[in-house]
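All values below come from the heavy atoms of this structure, side chains included, with hydrogens, waters and symmetry mates left out.
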Amino acid sequence: MLLTQLLLAAGIPLLACAQNVVDLSGKQWTVTNPQRNVSAPGSLPSHVHLDLYNAGLIPDPYYGTNEIDLRWIAWSNWTYTSKPIKGLSDKAESSWLVFDGLDTFATVKLCGQVVGTANNQFRQWKYDVSDVLKSCKSDPVISIDFGSAPVIANSIANQPGQETWPAGVQISYEFENRWFIRKEQSDFAWDWGPAFSPTGPWKPAYVVQFEPDDGLYVLNTDIDIHREGQINHLPADQTKPWVVNASIDFLGSLPKGASLNIDIKDLQNKSSIASGRLSDITTKSGTITGTTIVDANTPKLWWPNGLGEQNLYYITVTVVDSKNKTLATVTKRSGFRTIILNQTNITDAQLALGIAPGANWHFEVNGHEFYAKGSNFIPPDAFWPRVTEARMNKLFESIVSGNQNMLRVWSSGAYLPDFIYDIADERGVLLWSEFEFSDALYPVDDDFLENVAAEVLYQVRRLNHHPSLALWAGGNELESLELPTAKREDPEGYSKYLAEYEKLFISLILPIVYENTRSISYTPTSTGNGYTKIDFSLPVPMVERYDNIIPGGYYADSDYYLYDTSIAFDMSNYPVNRFANEFGFQSMPSVHTWRQAVAEKDLQFNNSVILHHNHHYPPGSLSLNTTNSSRGMGEMTTAVEGYYPVPFKTDPVANFSAWCLATQRFQADLYKTEIQFYRRGSGRPERQLGSLYWQLEDIWQAPTWAGIEYDGRWKVLHYVAKDIYQPVIVAPFWNSSTGELNVTVISDLWESVSGTVNLTWYNYDGEPLSKNATSSVPFHVGPLNTTDILVTNIKDISVPDTKNAVLILSLEASGHLPNSESAVQFTHENYFTPVYTNEAKLVDPGLKLTFNKSTQKFVVEATKGVSLYTWLDYPAGIVGFFDENSFLLVPGKPKEIGFTLLDGKFNGSWAEAVTVQSIWDQSVSD
């Protein structure tokens, strides 16, 4: 249910005000481009591409090569014109136009008169139209003239004396000069997405009118919940009471003596845990703020997924005058938790535990360090008005089912709408959030800084009440990529670029964050070595460590990609550090997804349409040359050829489908190896406490790093990540060069856990090997730690034929999940093969698939031999996921698999269309 509906059902107002508010949303608009004689029905919120598509004037922007064919839309100017506005008051003393978002360069007119301009996609814009409305001689009509963002970006770049940077620093994908404008940077393309550069009124808009004594209109609300004495970047004292700071930005006149009341109710609206008048009331132009104290142990804590319950509260704040008359009321849903990014120096106590020197780099929730498991969230669509609450609920069902507790909301997309944070609040998914700057250095002229300051202020205040908000980061890869590139390309000018970076991301943004929240940490960059001190008396208040590290110490999080597939599984290449925030490799989506955007005749691996959808590697300009994307296709090809049976189907579409699945298998194997490696680091000197792979989901139908395809279908990766993100796992670590083999139990529980791991060797016929057939190893692993249960070398194991052997690892344990008193039985199964499957003596496993109509579950069984990479596939027309997929089967041990439907409807024959295959089928011709 929508949060708004929940609030209304509970009798709690979301916003209350007496003034006249006219919602401008709907289809009462027209979008035009006089230069091309284009006119179509428009809507708000919307983008031009969507309105033209809905009117039948352009084809599906995602289909075929339409990204290229429709570039004329981005190069054009567009005007949205309303029908005469109905419902306006003729008694209003003052009137305002409020736009929650305009994308991006806009001139707003009312009754033919210019009332304001906009130049930032991420700001809320308000215009006083009192005099214009009073003098309007005809029916009031609003028009919004949108300028072409690529044209304007190029114009700004070509201004005399404009900022320049060394060659290679500013990364262009298709359209250029994105860093000069405050628009979604990936609208100009990225290496996983298209370059549509959409424009339009992409968020809701309103006319707000005040008659005498009409109270206030709430523009934005900042509710900050923190422990008493808490400082953003330091662990909080969990025994201290809670401080609730409420701050409201408004339109209207605040009378002298105005104050704030608060009421905090549990989610079921049964009782108040705090109510009354706020203290320490302060007012400034357009804002009123106050504070209250809540007993330390009264609220139930909010916890991330897998660590406890997501306890939430309704917080109602009312602005009242000196006679206690209500001027405005706003209700937000929030939770009580502390969350910090701990980058403090390693202590003597930590050193005594075997943790290497340096600094911490991990998250702590409610005073507990935990292992962050998840992925990176990119824009789920090139056109944000298509991103609905229903669609995001389905995506978060997949996230939580995939055992993830954190997403890194990458820049440079767009700041997520509140409803996505609401869903994350409900589902316990922490959102590491970033300001919209990525893979570039940015100008620092006064106008640019002023624009950014307003953007940051609005977004920090808007989102601060969400308990899922985990961090603010200044931008992506700024210290790990951009500054080193500038230093390499222009060492003499490096001090200038460094100073400009610090001016924007530290001296400007950091104080704004700290002034508006005590509960959220800030880091200037996604990947870096942290800071040495924070001192607001300094011109640059956060002193970054940069390269000032000691040998043998660990300080940072890591960002790692390796496209030489010949050494993909060589773990000596993987970064050893405190946290992994990006890593991965691309794969193809399924043939089902390709059919949404590509004609049947084009379903060939290196077809030109496929190549145009592949943006790895990007052209770097508006060139139509696909040489770079061919390199990316080549990487996927060599990955499959190096480790797996090569698909060779006689039917070309079947062969294409087999290749798509094969690339997904490599991708999943690589991520599995890395995640296991990083998780093992939790018990090693680096004390590694997080892995967020690149990336969660797709923006369109294309080869990307995603684990979930555009329509929500899971790739092999998401199934494998779900498995390897379980709380207690057993994992093999093999050095193919030396033969060294370790088997490790890894736990991210907060208490010790004990159990056994059974190790059984089979040949591919499914027969236990006579020697070393089965052994049972007991284990005990400490809180958030690891333990090796086998340290050996493959040459010391009596395996008759390494090409005909597979070691199956089965874990069983009993323990407690965090904040749970009930014992849980943990199981996990993994396996190890001494050779890659392109060398293995695979056999036909004789897979058998049946559907039990009474249980609505599938039963899959191997009847002839071991089945590796057992893969269930469902037909087009529905979207959902199996309980388990891409698993191993041995004869005599069938699996029962359920299916969760996310979208579409089951028909009577859908189960009959579900298929099963294994790695053996990959190279078998039809």
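Listed for the Asp224 side chain is no donor-acceptor partner under 3.5 Å among the backbone atoms of Ala246. Remark: the backbone N or O of Ser438 is paired with a side-chain donor or acceptor of Ser412 at under 3.5 angstrom. A distance-only check finds no donor-acceptor pair linking the side chain of Tyr415 to the backbone of Glu434 [under 3.5 Å]. No donor-acceptor pair closer than 3.5 Å links the side chain of Lys503 to the backbone N or O of Leu498. In this structure, Gln230 contributes its side chain and Arg227 its backbone to a donor-acceptor pair below 3.5 Å. With Trp125 contributing its side chain and Asn119 its backbone, the two residues share no donor-acceptor pair below 3.5 Å. At distances below 3.5 Å, at least one donor-acceptor pair connects side-chain atoms of Asn577 with backbone N or O atoms of Ala556. Although no hydrogens or angles enter the test, the distance criterion places a donor-acceptor pair under 3.5 Å between the side chain of Thr525 and the main chain of Leu478. Using modelled atom types, one side-chain atom of Tyr80 and one backbone atom of Val48 make a donor-acceptor pair closer than 3.5 Å. Checking side-chain atoms of Asn245 against main-chain N and O of Thr291 turns up no donor-acceptor pair under 3.5 Å.
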Walk me through whether Arg182 and Phe122 qualify under side-chain contact (heavy atoms from CB on, under 4.5 Å). CA-CA 7 Å; Arg182 297 309 301 139; Phe122 310 121; 3.9 Å; yes
Run the numbers on Phe180 and Phe448 for ring-ring contact (aromatic ring centres under 6.0 Å, His included), then give the verdict. CA-CA 8 Å; Phe180 286 109; Phe448 189 85; 8.2 Å; no
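A salt bridge links Asp418 to Arg462: one of the charged nitrogens lies within less than 4.0 Å of a carboxylate oxygen. A salt bridge does not link Arg178 with Glu184: every distance from a Lys NZ or Arg NE/NH1/NH2 to an Asp or Glu carboxylate oxygen is 4.0 Å or more. For Arg333 and Glu426, the salt-bridge test passes: some basic side-chain N is under 4.0 Å from an acidic carboxylate O. Salt-bridge check for Arg386 with Asp381: passed, with a basic side-chain N closer than 4.0 Å to an acidic carboxylate O. A salt bridge does not link Lys203 with Asp100: every distance from a Lys NZ or Arg NE/NH1/NH2 to an Asp or Glu carboxylate oxygen is 4.0 Å or more.
The aromatic ring centroids of Tyr501 and Tyr442 lie 6.0 Å or more from each other. For an aromatic pair to be called close, the ring centres must be under 6.0 Å apart, and His362 with Phe579 fails this.
Within a 6.0 Å radius of CG in Asp547, other residues, nucleotides and ligands contribute 12 heavy atoms or fewer. Counting non-hydrogen atoms of neighbouring residues, nucleotides and ligands closer than 6.0 angstrom, the CD atom of Gln162 exceeds 12 such neighbours. Within a 6.0 Å radius of CG in Asp446, other residues, nucleotides and ligands contribute 12 heavy atoms or fewer.
Side chains of Leu538 and Lys533 form a contact here, defined as non-hydrogen atoms less than 4.5 Å apart.
Checked options Asn376, Asp559, Asn581, Asn476; the residue passing with Ser526 is Asn476 (criterion: side-chain hydrogen bond (donor to acceptor under 3.5 Å, both in side chains)). With respect to Trp192, the ring-ring contact (aromatic ring centres under 6.0 Å, His included) criterion is satisfied by exactly one of Tyr173, Trp705, Trp410: Trp410.
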